[in-house]
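Have a look at the structure below before the remarks.
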Amino acid sequence: NINLLCNDYLKYNSDIKYMSREIKNKVSVVWTTGGIDKYLTTNKTLSPKFIIGYVGTLDYSKIHPNFIDSCERILHKIPSALFVVCGTGGDEDKIKNEVNTRKLAESFNFMGHIKNVEDIFSTFDVLGYPLNKNHFGTCEQVLGEAMSCKVMPVVLNNPAEKYIVENYGKVCNSMEEYVEMIVNLYKTSPTIEEENSLRTRAKELYDIDKMINSWNNIFEEILRINKTSREWDVIITEGYKIFIESLDKYGNILEYGNTKDILELFNSNFQWRSKSKGSIYQYLEAFPDDIKLREWSTILKNST
(Lines give C-alpha, C1' and ligand atoms only; values in the text may rest on other atoms or scores of the structure.)
Protein backbone atom coordinates (compact mmCIF):
# COMPACT_ATOMS: atom_id res chain seq x y z
CA ASN A 1 0.00 0.00 0.00
CA ILE A 2 2.83 2.37 0.82
CA ASN A 3 4.44 1.89 -2.60
CA LEU A 4 1.12 2.29 -4.38
CA LEU A 5 0.39 5.52 -2.54
CA CYS A 6 3.80 6.97 -3.28
CA ASN A 7 3.70 6.01 -6.94
CA ASP A 8 0.18 7.36 -7.43
CA TYR A 9 1.02 10.61 -5.70
CA LEU A 10 4.23 11.03 -7.66
CA LYS A 11 2.38 10.39 -10.91
CA TYR A 12 -0.04 13.27 -10.35
CA ASN A 13 2.01 15.79 -8.38
CA SER A 14 4.42 17.60 -10.69
CA ASP A 15 6.27 19.26 -7.81
CA ILE A 16 7.77 15.97 -6.62
CA LYS A 17 7.45 13.60 -9.56
CA TYR A 18 11.19 13.82 -10.10
CA MET A 19 11.94 12.78 -6.52
CA SER A 20 14.83 10.30 -6.49
CA ARG A 21 14.14 6.65 -5.80
CA GLU A 22 16.51 6.86 -2.84
CA ILE A 23 14.41 9.54 -1.16
CA LYS A 24 11.11 7.90 -2.06
CA ASN A 25 12.21 4.64 -0.47
CA LYS A 26 12.67 6.50 2.81
CA VAL A 27 9.05 7.62 2.85
CA SER A 28 6.61 5.81 5.12
CA VAL A 29 2.84 6.26 4.92
CA VAL A 30 0.41 5.71 7.77
CA TRP A 31 -3.21 5.50 6.67
CA THR A 32 -5.10 7.80 9.03
CA THR A 33 -8.48 6.65 10.33
CA GLY A 34 -10.83 7.32 13.18
CA GLY A 35 -12.13 3.77 12.94
CA ILE A 36 -15.25 2.45 11.23
CA ASP A 37 -16.59 -0.20 13.63
CA LYS A 38 -19.81 1.65 14.45
CA TYR A 39 -20.60 2.02 10.75
CA LEU A 40 -20.29 -1.68 9.92
CA THR A 41 -23.66 -2.53 11.50
CA THR A 42 -25.59 0.34 9.91
CA ASN A 43 -28.64 -0.69 7.92
CA LYS A 44 -30.20 1.40 5.18
CA THR A 45 -33.60 3.02 5.62
CA LEU A 46 -36.00 3.40 2.72
CA SER A 47 -37.19 6.80 1.50
CA PRO A 48 -39.51 7.84 -1.33
CA LYS A 49 -36.85 10.38 -2.31
CA PHE A 50 -33.62 9.55 -4.11
CA ILE A 51 -31.15 10.94 -1.58
CA ILE A 52 -27.72 12.12 -2.73
CA GLY A 53 -25.56 12.90 0.27
CA TYR A 54 -22.45 14.98 0.77
CA VAL A 55 -20.54 14.94 4.05
CA GLY A 56 -17.50 17.16 4.42
CA THR A 57 -16.00 20.63 4.24
CA LEU A 58 -18.05 23.32 2.53
CA ASP A 59 -15.09 25.16 1.10
CA TYR A 60 -14.29 25.43 -2.60
CA SER A 61 -10.68 24.53 -1.85
CA LYS A 62 -12.13 21.09 -1.02
CA ILE A 63 -15.45 20.61 -2.80
CA HIS A 64 -15.58 21.07 -6.58
CA PRO A 65 -16.50 24.66 -7.54
CA ASN A 66 -19.17 23.35 -9.95
CA PHE A 67 -20.87 21.28 -7.25
CA ILE A 68 -24.18 23.17 -7.25
CA ASP A 69 -24.22 23.35 -11.05
CA SER A 70 -23.90 19.54 -11.16
CA CYS A 71 -26.74 19.22 -8.65
CA GLU A 72 -28.99 21.35 -10.86
CA ARG A 73 -28.19 19.19 -13.89
CA ILE A 74 -28.98 16.07 -11.87
CA LEU A 75 -32.33 17.57 -10.85
CA HIS A 76 -33.22 18.11 -14.51
CA LYS A 77 -32.99 14.33 -14.96
CA ILE A 78 -34.12 13.24 -11.47
CA PRO A 79 -36.71 15.81 -10.27
CA SER A 80 -37.37 13.76 -7.10
CA ALA A 81 -33.75 13.89 -5.96
CA LEU A 82 -32.92 15.37 -2.56
CA PHE A 83 -29.43 16.64 -1.73
CA VAL A 84 -28.53 16.23 1.94
CA VAL A 85 -25.46 18.29 2.74
CA CYS A 86 -23.66 17.79 6.06
CA GLY A 87 -20.78 19.97 7.15
CA THR A 88 -19.59 23.53 7.50
CA GLY A 89 -16.85 25.63 5.95
CA GLY A 90 -15.66 28.97 4.68
CA ASP A 91 -17.87 28.88 1.57
CA GLU A 92 -21.01 27.59 3.29
CA ASP A 93 -22.92 30.86 2.83
CA LYS A 94 -21.76 31.18 -0.77
CA ILE A 95 -22.99 27.64 -1.52
CA LYS A 96 -26.36 28.27 0.12
CA ASN A 97 -26.74 31.55 -1.75
CA GLU A 98 -26.06 29.79 -5.03
CA VAL A 99 -28.75 27.22 -4.21
CA ASN A 100 -31.23 30.01 -3.50
CA THR A 101 -30.24 32.00 -6.59
CA ARG A 102 -30.84 28.94 -8.78
CA LYS A 103 -34.18 28.36 -6.98
CA LEU A 104 -33.16 24.88 -5.82
CA ALA A 105 -33.82 25.28 -2.08
CA GLU A 106 -36.66 22.75 -2.01
CA SER A 107 -34.25 20.05 -3.21
CA PHE A 108 -31.59 20.73 -0.55
CA ASN A 109 -31.31 19.96 3.14
CA PHE A 110 -28.30 21.64 4.79
CA MET A 111 -27.77 19.88 8.11
CA GLY A 112 -24.59 21.57 9.35
CA HIS A 113 -22.30 19.66 11.69
CA ILE A 114 -23.65 16.18 12.47
CA LYS A 115 -22.55 14.10 15.48
CA ASN A 116 -24.23 10.76 14.71
CA VAL A 117 -23.39 10.76 11.04
CA GLU A 118 -23.98 7.00 10.74
CA ASP A 119 -27.71 7.70 11.13
CA ILE A 120 -27.51 10.08 8.17
CA PHE A 121 -25.51 7.65 6.02
CA SER A 122 -28.27 5.08 6.48
CA THR A 123 -30.64 7.36 4.53
CA PHE A 124 -28.31 7.96 1.55
CA ASP A 125 -28.87 6.22 -1.77
CA VAL A 126 -25.52 7.48 -2.98
CA LEU A 127 -22.63 9.61 -1.72
CA GLY A 128 -21.95 12.39 -4.24
CA TYR A 129 -18.38 13.40 -3.42
CA PRO A 130 -16.89 15.50 -6.24
CA LEU A 131 -13.78 17.28 -4.96
CA ASN A 132 -11.62 20.08 -6.32
CA LYS A 133 -8.70 18.53 -8.23
CA ASN A 134 -6.25 20.42 -6.00
CA HIS A 135 -7.99 19.61 -2.74
CA PHE A 136 -6.06 19.16 0.50
CA GLY A 137 -7.52 15.79 1.54
CA THR A 138 -5.62 12.53 1.94
CA CYS A 139 -7.29 9.53 3.55
CA GLU A 140 -10.84 10.91 3.28
CA GLN A 141 -12.43 9.30 6.35
CA VAL A 142 -15.90 10.05 4.99
CA LEU A 143 -15.36 7.62 2.11
CA GLY A 144 -14.49 4.85 4.55
CA GLU A 145 -17.57 5.63 6.62
CA ALA A 146 -19.87 5.70 3.59
CA MET A 147 -18.51 2.44 2.17
CA SER A 148 -18.81 0.84 5.61
CA CYS A 149 -22.51 1.74 5.47
CA LYS A 150 -22.72 0.20 1.98
CA VAL A 151 -23.37 3.60 0.41
CA MET A 152 -22.03 3.81 -3.14
CA PRO A 153 -19.53 6.70 -3.50
CA VAL A 154 -19.34 8.64 -6.76
CA VAL A 155 -16.06 10.56 -6.99
CA LEU A 156 -13.77 12.26 -9.48
CA ASN A 157 -10.49 10.71 -10.58
CA ASN A 158 -8.29 12.67 -8.18
CA PRO A 159 -5.44 10.56 -6.78
CA ALA A 160 -6.79 10.18 -3.22
CA GLU A 161 -10.36 9.25 -4.15
CA LYS A 162 -9.28 7.03 -7.04
CA TYR A 163 -6.96 5.05 -4.79
CA ILE A 164 -9.56 4.67 -2.03
CA VAL A 165 -12.56 3.81 -4.20
CA GLU A 166 -10.75 1.82 -6.91
CA ASN A 167 -13.22 -0.42 -8.76
CA TYR A 168 -15.51 -0.78 -5.75
CA GLY A 169 -17.18 2.61 -6.14
CA LYS A 170 -17.67 4.87 -9.14
CA VAL A 171 -14.76 6.99 -10.38
CA CYS A 172 -15.56 9.67 -12.97
CA ASN A 173 -13.27 11.54 -15.33
CA SER A 174 -15.30 14.76 -15.45
CA MET A 175 -18.25 16.53 -13.87
CA GLU A 176 -20.35 15.58 -16.89
CA GLU A 177 -19.56 11.93 -16.27
CA TYR A 178 -20.26 12.45 -12.55
CA VAL A 179 -23.79 13.66 -13.34
CA GLU A 180 -24.44 10.73 -15.67
CA MET A 181 -23.16 8.24 -13.09
CA ILE A 182 -25.57 9.59 -10.46
CA VAL A 183 -28.42 9.25 -12.94
CA ASN A 184 -27.37 5.68 -13.80
CA LEU A 185 -27.39 4.74 -10.12
CA TYR A 186 -30.91 6.15 -9.85
CA LYS A 187 -32.00 3.90 -12.70
CA THR A 188 -30.05 0.82 -11.58
CA SER A 189 -29.28 0.38 -7.89
CA PRO A 190 -26.03 -1.33 -6.79
CA THR A 191 -26.23 -5.09 -6.32
CA ILE A 192 -25.86 -6.77 -2.94
CA GLU A 193 -22.43 -8.01 -4.05
CA GLU A 194 -21.33 -4.47 -4.92
CA GLU A 195 -22.52 -3.14 -1.56
CA ASN A 196 -20.73 -5.93 0.32
CA SER A 197 -17.51 -5.24 -1.59
CA LEU A 198 -17.70 -1.60 -0.49
CA ARG A 199 -17.71 -2.73 3.13
CA THR A 200 -14.82 -5.12 2.48
CA ARG A 201 -12.75 -2.32 0.94
CA ALA A 202 -13.50 -0.06 3.92
CA LYS A 203 -12.32 -2.73 6.37
CA GLU A 204 -9.13 -3.15 4.36
CA LEU A 205 -8.19 0.55 4.48
CA TYR A 206 -9.80 2.03 7.59
CA ASP A 207 -9.18 -0.56 10.30
CA ILE A 208 -7.92 1.40 13.32
CA ASP A 209 -5.75 -1.45 14.61
CA LYS A 210 -3.78 -1.39 11.36
CA MET A 211 -3.13 2.32 11.83
CA ILE A 212 -1.97 1.84 15.42
CA ASN A 213 0.38 -0.99 14.41
CA SER A 214 1.80 1.13 11.58
CA TRP A 215 2.58 3.97 14.00
CA ASN A 216 4.14 1.57 16.50
CA ASN A 217 6.40 0.14 13.80
CA ILE A 218 7.57 3.62 12.80
CA PHE A 219 8.22 4.67 16.41
CA GLU A 220 10.24 1.53 17.02
CA GLU A 221 12.29 2.20 13.90
CA ILE A 222 12.90 5.83 14.90
CA LEU A 223 14.14 4.75 18.32
CA ARG A 224 16.87 2.72 16.63
CA ILE A 225 18.11 5.65 14.51
CA ASN A 226 21.01 7.80 15.73
CA LYS A 227 19.71 11.29 16.49
CA THR A 228 21.06 14.45 14.85
CA SER A 229 21.13 17.80 16.62
CA ARG A 230 19.36 20.51 14.62
CA GLU A 231 18.89 24.22 15.13
CA TRP A 232 16.72 26.79 13.36
CA ASP A 233 18.47 30.10 13.95
CA VAL A 234 15.92 32.30 12.17
CA ILE A 235 13.99 34.60 14.50
CA ILE A 236 10.80 35.93 12.94
CA THR A 237 8.14 37.88 14.80
CA GLU A 238 6.15 39.60 12.03
CA GLY A 239 3.13 37.64 10.86
CA TYR A 240 3.69 38.24 7.16
CA LYS A 241 7.27 36.96 7.38
CA ILE A 242 6.12 33.76 9.08
CA PHE A 243 3.54 33.36 6.32
CA ILE A 244 6.19 33.84 3.63
CA GLU A 245 8.48 31.37 5.38
CA SER A 246 5.71 28.74 5.21
CA LEU A 247 5.34 29.10 1.42
CA ASP A 248 8.88 28.25 0.32
CA LYS A 249 9.38 29.44 -3.31
CA TYR A 250 5.88 30.93 -3.53
CA GLY A 251 6.77 33.34 -0.74
CA ASN A 252 9.09 35.15 -3.16
CA ILE A 253 6.12 36.07 -5.33
CA LEU A 254 4.39 37.78 -2.41
CA GLU A 255 7.55 39.46 -1.17
CA TYR A 256 8.98 40.65 -4.48
CA GLY A 257 6.22 40.30 -7.09
CA ASN A 258 3.92 43.01 -8.36
CA THR A 259 0.14 43.00 -7.99
CA LYS A 260 -0.29 41.12 -11.29
CA ASP A 261 2.07 38.35 -10.12
CA ILE A 262 0.29 38.09 -6.78
CA LEU A 263 -3.15 37.94 -8.43
CA GLU A 264 -1.94 35.16 -10.72
CA LEU A 265 -0.71 33.24 -7.69
CA PHE A 266 -4.01 33.67 -5.83
CA ASN A 267 -5.98 32.52 -8.88
CA SER A 268 -3.89 29.37 -9.24
CA ASN A 269 -5.61 27.43 -6.46
CA PHE A 270 -8.79 27.72 -4.37
CA GLN A 271 -6.82 26.98 -1.21
CA TRP A 272 -5.58 30.57 -1.22
CA ARG A 273 -9.19 31.59 -0.53
CA SER A 274 -9.77 29.09 2.26
CA LYS A 275 -10.49 30.27 5.79
CA SER A 276 -8.09 27.63 7.09
CA LYS A 277 -5.23 25.43 5.78
CA GLY A 278 -2.56 28.04 6.53
CA SER A 279 -4.18 30.70 4.34
CA ILE A 280 -3.77 34.47 4.62
CA TYR A 281 -7.14 34.64 6.37
CA GLN A 282 -6.02 32.16 9.00
CA TYR A 283 -2.78 34.06 9.60
CA LEU A 284 -4.79 37.27 9.98
CA GLU A 285 -6.65 35.67 12.89
CA ALA A 286 -3.31 35.42 14.71
CA PHE A 287 -1.87 38.71 13.39
CA PRO A 288 -4.90 40.98 12.78
CA ASP A 289 -2.82 44.17 12.68
CA ASP A 290 -0.18 42.96 10.25
CA ILE A 291 -0.14 45.53 7.42
CA LYS A 292 1.26 43.20 4.75
CA LEU A 293 -1.21 40.41 5.51
CA ARG A 294 -4.08 42.87 5.35
CA GLU A 295 -2.77 44.24 2.05
CA TRP A 296 -2.56 40.75 0.53
CA SER A 297 -6.02 39.82 1.86
CA THR A 298 -7.42 42.91 0.11
CA ILE A 299 -5.82 41.84 -3.17
CA LEU A 300 -7.25 38.35 -2.63
CA LYS A 301 -10.76 39.65 -2.00
CA ASN A 302 -10.62 41.89 -5.06
CA SER A 303 -9.55 38.95 -7.21
CA THR A 304 -12.71 36.93 -6.58
Side-chain angles (χ1 to χ4, degrees), residues 31-45 47 49-68 70-71 74 81-102 104-132 134-156 158 160-161 164-165 169 182 202 205-206 208 211 270-271 273-279 281-286:
W31 193 264
T32 305
T33 176
I36 55 170
D37 288 349
K38 68 178 180 179
Y39 301 95
L40 295 173
T41 56
T42 299
N43 295 313
K44 286 189 176 183
T45 57
S47 169
K49 291 276 190 179
F50 181 71
I51 298 180
I52 304 163
Y54 172 85
V55 178
T57 307
L58 298 182
D59 189 314
Y60 282 131
S61 63
K62 183 65 183 284
I63 194 170
H64 196 284
N66 293 336
F67 174 64
I68 300 303
S70 71
C71 294
I74 289 169
L82 174 65
F83 295 93
V84 176
V85 180
C86 305
T88 60
D91 287 320
E92 182 178 354
D93 290 340
K94 186 181 294 185
I95 289 171
K96 289 179 178 177
N97 287 339
E98 186 175 355
V99 167
N100 291 330
T101 299
R102 291 173 181 257
L104 305 175
E106 291 184 357
S107 299
F108 276 80
N109 183 5
F110 287 95
M111 304 194 68
H113 179 74
I114 299 294
K115 290 185 177 180
N116 299 321
V117 72
E118 64 273 19
D119 296 335
I120 302 300
F121 276 126
S122 69
T123 67
F124 289 177
D125 290 287
V126 62
L127 178 74
Y129 201 64
L131 301 186
N132 186 318
N134 295 316
H135 73 81
F136 50 79
T138 50
C139 296
E140 298 303 324
Q141 175 76 17
V142 67
L143 288 176
E145 294 170 357
M147 292 191 293
S148 298
C149 296
K150 298 184 178 181
V151 177
M152 180 64 70
V154 182
V155 301
L156 297 178
N158 302 318
E161 302 95 282
I164 293 166
V165 169
I182 297 285
L205 282 183
Y206 292 91
I208 198 166
M211 181 187 73
F270 272 94
Q271 289 192 41
R273 309 182 191 285
S274 176
K275 302 298 182 184
S276 59
K277 306 303 171 187
S279 69
Y281 297 129
Q282 189 169 27
Y283 271 78
L284 270 173
E285 291 180 8

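Just the heavy atoms: all of them, side chains too, but no hydrogens, waters or symmetry mates, feed the values below.
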Heavy atoms only: give me the nearest [X]-[Y] pair and the separation to one decimal.
X      : Y      : result
Ser274 : Ser61  : CB-OG, 3.6 Å
Lys44  : Asp125 : NZ-O, 4.3 Å
Ile182 : Gly128 : CD1-CA, 4.5 Å
Cys149 : Phe121 : SG-CB, 3.7 Å
Ala202 : Ser148 : CB-OG, 3.3 Å
Ile120 : Val84  : CG2-CG1, 4.3 Å

When rounded to the nearest 0.5 angstrom, what distance separates [atom1] in [X] from [atom2] in [Y]?
X      : Y      : atom1 : atom2 : answer
Asn97  : Thr101 : CG    : OG1   : 6.0 Å
Glu140 : Tyr206 : CD    : OH    : 7.0 Å
Glu161 : His135 : CD    : NE2   : 3.5 Å
Asn132 : Asn66  : CG    : CG    : 10.0 Å
Asn158 : Asn134 : CG    : CG    : 8.5 Å
Leu131 : Tyr54  : CG    : OH    : 6.0 Å

Determine whether [X] and [Y] make a side-chain contact, defined as any pair of heavy atoms from C-beta on separated by less than 4.5 Å.
X      : Y      : answer
Phe83  : Ile74  : yes
Leu127 : Leu143 : yes
Ile164 : Met147 : yes
Phe50  : Val126 : yes

Review point. Are Glu98 and Lys94 close enough for a salt bridge, meaning some N to O gap below 4.0 Å?
Key: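 Looking at Glu98 and Lys94, the cut-off is not met.
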
**Study point:** salt_bridge(Lys38, Glu145) N-O dist < 4.0 Å
**Key:** no

Taking the side chain from [X] and the backbone from [Y], do they hold a donor-acceptor pair closer than 3.5 Å?
X      : Y      : value
Asn116 : Glu118 : no
Lys275 : Asp59  : no
Gln141 : Ile36  : no

Practice item. Any chance you could lay out the side-chain contact (heavy atoms from CB on, under 4.5 Å) test for Leu205 and Thr33, step after step, and finish with the verdict? Key: CA-CA 8 Å; Leu205 282 183; Thr33 176; over 6 Å; no

Practice item. Scan Val55, Val142, Ile63, Ile52 and name whichever one has a side chain to side chain contact (heavy atoms under 4.5 Å, CB included) with Tyr129. Key: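 Answer to the side chain to side chain contact (heavy atoms under 4.5 Å, CB included) test with Tyr129 among Val55, Val142, Ile63, Ile52: Val142.
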
Exercise for review: Determine, step by step, whether Ile68 and Val99 satisfy the side-chain contact (heavy atoms from CB on, under 4.5 Å) criterion, reporting the C-alpha distance in whole Å, the side-chain angles of both residues, the deciding distance to 0.1 Å, and the verdict.
Suggested key: CA-CA 7 Å; Ile68 300 303; Val99 167; 3.7 Å; yes

Check your understanding: Do the ring planes of Phe110 and Phe108 sit parallel (below 30°), tilted (30 to 60°) or perpendicular (above 60°)?
Key -> parallel

**Study point:** Test ring pair (Phe, Tyr, Trp, His ring centres under 6.0 Å) applied to Tyr39 - qualifying residues, sequence neighbours left out
**Key:**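 In terms of ring pair (Phe, Tyr, Trp, His ring centres under 6.0 Å), with neighbours along the sequence ignored, Tyr39 is linked to no residue.
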
Point to revise | Residues which pass side chain to side chain donor-acceptor pair (under 3.5 Å) with Gln282, listed by chain and number, not counting sequence neighbours | key: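 Expected list: none.
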
Check your understanding: Are Lys150 and Asn43 close enough, and set up right, to give a side-chain contact (heavy atoms from CB on, under 4.5 Å), and what steps lead you there?
Key -> CA-CA 8 Å; Lys150 298 184 178 181; Asn43 295 313; over 6 Å; no

